[in-house]
Amino acid sequence: MSTLKKQRAPRLPLQLANKPGIIGPPATGAFKQRPIKPTAFRKFYERGDFPVAMEHDAKGNRIAWKVEIEKLDYHHYLPLFFDGLCETTHPYEFFARQGAHDMLEHGGPKILPVIPQLIIPIKNALNTRNKHVICTTLKILQHLVVSGERVGEALVPYYRQLLPILNLFKNLNVNMGDGIDYSQQKRENIGDLINETLEVFERFGGEDAFINIKYMVPTYESCILN
């Protein structure tokens with residue numbers, strides 16, 4: 001009669017075995033930054049297709065619009081500015097970020113019909129896994145949700161595309177010594193920003209928001225029910 005052999009627990013790699021605090025296998029690269037492809041925003045900017053210029057004042061740089069923002073074709077321009085959220089170099093990063101905020105500030109009812117066109121650019125920006133890009137995109141998402149009536153509810157069907165990266169980075173509040181206070185002042189603490197964004201989604205997403213957030217981000221606790 002054959003005897004059952006005792007199963008041995010798998011060993012950690014030798015270089016990790018002696019390090020305190022190592023639990024489980026090493027990271028699989030889930031947080032690793034992805035290459036950022038050239039954006040359509042950059043191409044349009046370099047061709048001079050945006051009615052914008054850089055203006056300097058006492059508070060720093062800002063966009064000088066050559067037309068009234070309210071009169072822009074939102075179906076054309078807003079997705080392009082969102083496409084530029086992947087940018088990390090000046091002046092593209094500045095114009096994309098500030099241009100998106102300006103258009104959200106002045107868009108009103110023009111924003112809701114454009115929501116389906118914004119999902120892929122938002123998803124692309126989050127999927128770069130670049131922490132600065134993610135933080136910029138989260139601030140834009142918060143602004144988007146409150147930019148017009150029913151916008152928050154219109155985003156609920158797209159949670160499955162937008163929330164996986166938020167779930168991945170949600171608990172990433174890495175204490176970087178003295179830098180942690182600076183990151184919080186600039187609202188660059190990615191874990192805090194993700195939680196803020198999920199709370200805004202819940203508050204403005206209607207009655208189905210929480211259950212859909214919870215499905216994609218199981219550790220999320222309701223800011224309304226609790």
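Positions are given from 1 along the sequence.
Here the CD-CG distance, from Glu196 to Asn189, works out to 9.5 Å after rounding to the nearest 0.5 Å. For the atom pair Thr197 OG1 and Asp192 CG, the distance stands at 10.5 Å (nearest 0.5 Å). One finds the CD atom of Gln117 at 10.5 Å from the NE2 atom of His76 (value rounded to the nearest 0.5 Å). Atoms NZ and CG, from Lys170 and Asn195 in turn, are 5.0 Å apart once rounded to the nearest 0.5 Å. Rounded to the nearest 0.5 angstrom, Asn124 CG and Ile119 CD1 are separated by 11.0 Å. Between atom CD1 of residue Ile190 and atom CZ of residue Phe169 there is a gap of 5.5 Å, rounded to the nearest 0.5 Å.
In the displayed structure, Lys214 atom NZ is contacted under 6.0 Å by more than 12 heavy atoms of other residues, nucleotides or ligands. Taking a 6.0 Å sphere around CD of Glu207, one finds it holds 12 or fewer heavy atoms contributed by other residues, nucleotides or ligands.
Within the 4.5 Å cutoff, no side-chain heavy atoms of Glu149 are placed close to those of Leu112. Side-chain contact between Ile122 and Leu144: present, with at least one pair of heavy atoms (C-beta onward) separated by less than 4.5 Å. When side chains are defined from C-beta on, Arg62 does not count as touching Gln98, because their heavy atoms never get closer than 4.5 Å. Taking 4.5 Å as the limit, some side-chain heavy atom of Glu202 sits within range of a side-chain heavy atom of Ser222. Side-chain atoms of Thr39 and Pro121, non-hydrogen and from C-beta on, never get closer than 4.5 Å to each other. Between Phe94 and Ile63, the closest side-chain pair of non-hydrogen atoms falls below 4.5 Å. No side-chain heavy atom of Asp49 sits less than 4.5 Å from a side-chain heavy atom of Leu80. Within the 4.5 Å cutoff, the side chain of Ile115 has heavy atoms near those of the Tyr158 side chain.
For Phe95 against Met54, the heavy-atom pair with the smallest separation is CZ-N, 3.6 Å. Nearest heavy atoms, Tyr74 versus His106: OH-C, 3.5 Å. Considering all non-hydrogen atoms of both residues, Arg203 and Ile224 come closest at CA-CD1, 4.0 Å. The two atoms that bring Arg97 and Thr136 nearest to each other are CD-CG2, 3.7 Å, heavy atoms only. Closest approach of Leu85 and Ala96 over heavy atoms only: N-CB, 4.1 Å. Of all non-hydrogen atoms in Lys110 and Glu70, the two that sit nearest each other are NZ-O, 2.5 Å.
Leu162 and Ile211 sit in two unconnected hydrophobic clusters of ILVMFWY residues. Membership requires side-chain heavy atoms under 4.5 Å apart, directly or through other members.
Among Val145, Val146, Ile140, the one residue that satisfies the side-chain contact (heavy atoms from CB on, under 4.5 Å) test with Leu104 is Ile140. Considering Leu138, Leu141, Asn167, Ile213 as possible partners of Leu198, the one that fulfils the side-chain contact (heavy atoms from CB on, under 4.5 Å) test is Ile213.
Ring-centre distance between Phe50 and Phe41: below the 6.0 Å cut-off. Checked against the 6.0 Å centroid criterion, the rings of Tyr159 and Tyr215 do not qualify as a close aromatic pair.
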Worked verdict on Trp65 versus Phe81 for ring-ring contact (aromatic ring centres under 6.0 Å, His included) = CA-CA 14 Å; Trp65 290 87; Phe81 278 99; 5.7 Å; yes
Walk me through it: do Val156 and Phe201 pass the test side chain to side chain contact (heavy atoms under 4.5 Å, CB included)?
-> CA-CA 8 Å; Val156 175; Phe201 278 3; over 6 Å; no
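Note that Arg42 lies outside the cation-pi zone of Tyr45, set by a 6.0 Å cut-off to the ring centre and a 45° limit from the axis.
Side-chain polar atoms of Thr88 and Glu93 form no donor-acceptor pair below 3.5 angstrom.
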